[in-house]
Amino acid sequence: MRARVLPRVRRPARLALAASLALALVACAPTPATAPTPAPPAAPTADGPVVSFYGDSYTRGTGASSSEKRWSTIVSTARGWQEINRSENGLGFVNRRSSMLGGLDDIPALVIDDQPDIVFVTMGLNDAFSYDHAADRIRATIDSDLRRLREGLPAARIVVVEPFWYTAERPASVDVIAGWVEDAADRIGADHVEGASHWLDGHHADSSDSWMAGDGLHPDDTGYAVMAERMDAALRALDPPL
C-alpha cells in the first residue's frame, strides 16, 4: 500500500512550464493550422500536489483549442493539482529525442528537478514509428527512463500509462511497446493504467463520429474530454485511488 500523497505549495521556481517551440506532429510531421498546439497555461493557482507529466503530443494537448481542454489539465484542475506539463510533440522514448534542444533531450532529468509528488509517464506512441530499426533501444530506454525517475524521486507516486493510439490500423509494435512499458512499470513499483491505446477506438479520423482534430492525428476537444473521463476512472480504480 503506497503512502498517501500530501499537498504542498510549489516553489515559484517551478511555476514556469518547460515548452519547446517545435511544431512537429505525431511521427514528427509538420503541424497544420487545423491542429493547434496550445501554449502552456498560466501558472496554476492550486496548492495541491505538484504533478509532472512526461509525454508526447497527446499529453501536451496538440489538437485541443486551448491548454485547458487537454486531458492532463482537466484531470489536474479537478483534483487541485499543480500541473507541470513537460510533454513534447513527436517525442518517444527514442523517437525524436536526440534532436531535442535546450535540455529537452533529457526530460526525465527535468522531471526529477521538478521534485513532484506525482509523475505521469504517457510515452510510446511515437516509438511505434521507430520500432523496425530501434526496437532494442526503445526497450532499453523505457527501462532506463523509469528506473531513473524512481531513483531520482523515491517518494513520488509514479503513474505509467499504456501508450495512446490513434487509428483503427494497429501495428504489432503498439502492443509490444505497451507490454514493455507495463513490465518496466512493474519493476519500479509504479502504478500502471492499461487500455489507454483503445480509448479513441471507433472515433478515429475516418469515423462518422470522429473525436479527432482537423489534422486527423490528434484528438479534438471532445476526444480530450473523453480521455480525461477515462483517465479519471482509471485513477480512481488504482490501489490506493488517486
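Owing to the predicted nature of the structure, the values given are computational and were not obtained by experimental measurement.
- Remark: the Thr59 side chain and the Thr122 side chain contain an N/O donor-acceptor pair separated by less than 3.5 Å.
- Asp114 places no side-chain N or O within donor-acceptor distance of the main-chain N or O of Pro116, the cut-off being under 3.5 Å.
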Checking salt bridge (Lys or Arg N to Asp or Glu O under 4.0 Å) for the pair Arg70/Glu83: CA distance, chi angles, key distance, verdict?
CA-CA 12 Å; Arg70 63 189 176 193; Glu83 177 186 8; 3.5 Å; yes

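- Using a distance-only test at 3.5 Å, with no hydrogens or angles considered, a donor-acceptor pair links the side chain of Glu162 to the main chain of Gly195.
- Contact between Gly90 and Arg96 at its shortest, heavy atoms only, is O-CB, 3.6 Å.
- Remark: aromatic rings of Tyr58 and His218 are close, center separation under 6.0 Å.
- Every residue meeting the ring pair (Phe, Tyr, Trp, His ring centres under 6.0 Å) condition with Phe120, not counting sequence neighbours, appears here in chain and number order: Phe53, Trp81.
- Side-chain atoms of Tyr131 never come within 3.5 Å of backbone atoms of Ala172 as a donor-acceptor pair (strictly under, hydrogens ignored).
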Can Arg79 and Asp232 be said to form a side-chain contact (heavy atoms from CB on, under 4.5 Å), step by step?
CA-CA 10 Å; Arg79 285 167 165 75; Asp232 176 75; 2.9 Å; yes

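- Here the closest heavy-atom approach between residue Arg157 and residue Asp239 is recorded as NH2-C, 4.0 Å.
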Next item on the list: In sequence, state the C-alpha distance, the side-chain angles, and the governing distance for Asp191 and Ile158, and then conclude on side-chain contact (heavy atoms from CB on, under 4.5 Å).
Entry: CA-CA 6 Å; Asp191 293 294; Ile158 300 177; over 6 Å; no

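- Residues Ser87 and Arg60 share a closest heavy-atom pair of O-NH1, 3.3 Å.
- Follow the hydrophobic side-chain contacts under 4.5 Å out from Ile118 and you never reach Ile74; the two are in separate clusters.
- Remark: Arg139 does not engage Asp127 in a salt bridge, criterion side-chain N to carboxylate O under 4.0 Å.
- With hydrogens and angles ignored, the 3.5 Å screen pairs no side-chain donor or acceptor of Ser210 with any backbone N or O of Asp206.
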Start with the C-alpha gap between Ser130 and Arg137, add the side-chain angles, then the distance that decides, and say whether side chain to side chain donor-acceptor pair (under 3.5 Å) holds. CA-CA 10 Å; Ser130 303; Arg137 191 153 55 98; over 6 Å; no

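- For the residue pair Thr73 and Glu68, no side-chain donor N or O sits within less than 3.5 Å of a side-chain acceptor on the partner.
- Counting only distance, with no hydrogens or angles, the side chain of Arg150 and the backbone of Ala156 share a donor-acceptor pair below 3.5 Å.
- Shortest non-hydrogen contact noted between Thr141 and Phe93 is CG2-O, 3.2 Å.
- A distance-only check finds no donor-acceptor pair linking the side chain of Asp56 to the backbone of Gly92 [under 3.5 Å].
- Applying the 6.0 Å contact sphere to CG of Asp136 captures no more than 12 heavy atoms from other residues, nucleotides or ligands.
- Asp220 and Lys69 are not joined by a salt bridge, as no carboxylate oxygen comes within less than 4.0 angstrom of a charged side-chain nitrogen.
- Between the side chain of Arg230 and the main chain of Trp199, a donor-acceptor pair closer than 3.5 Å is present.
- Taking every heavy atom of both residues into account, Ala64 and Asp221 meet most closely at CA-OD1, 3.3 Å.
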- Task: Under the side-chain contact (heavy atoms from CB on, under 4.5 Å) rule, what do Val193 and Val160 come out as? Steps first, then yes or no, please.
- Result: CA-CA 6 Å; Val193 172; Val160 179; over 6 Å; no

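- The two residues Met212 and His204 make their nearest non-hydrogen contact at CG-C, 3.6 Å.
- A salt bridge links Arg148 to Asp106: one of the charged nitrogens lies within less than 4.0 Å of a carboxylate oxygen.
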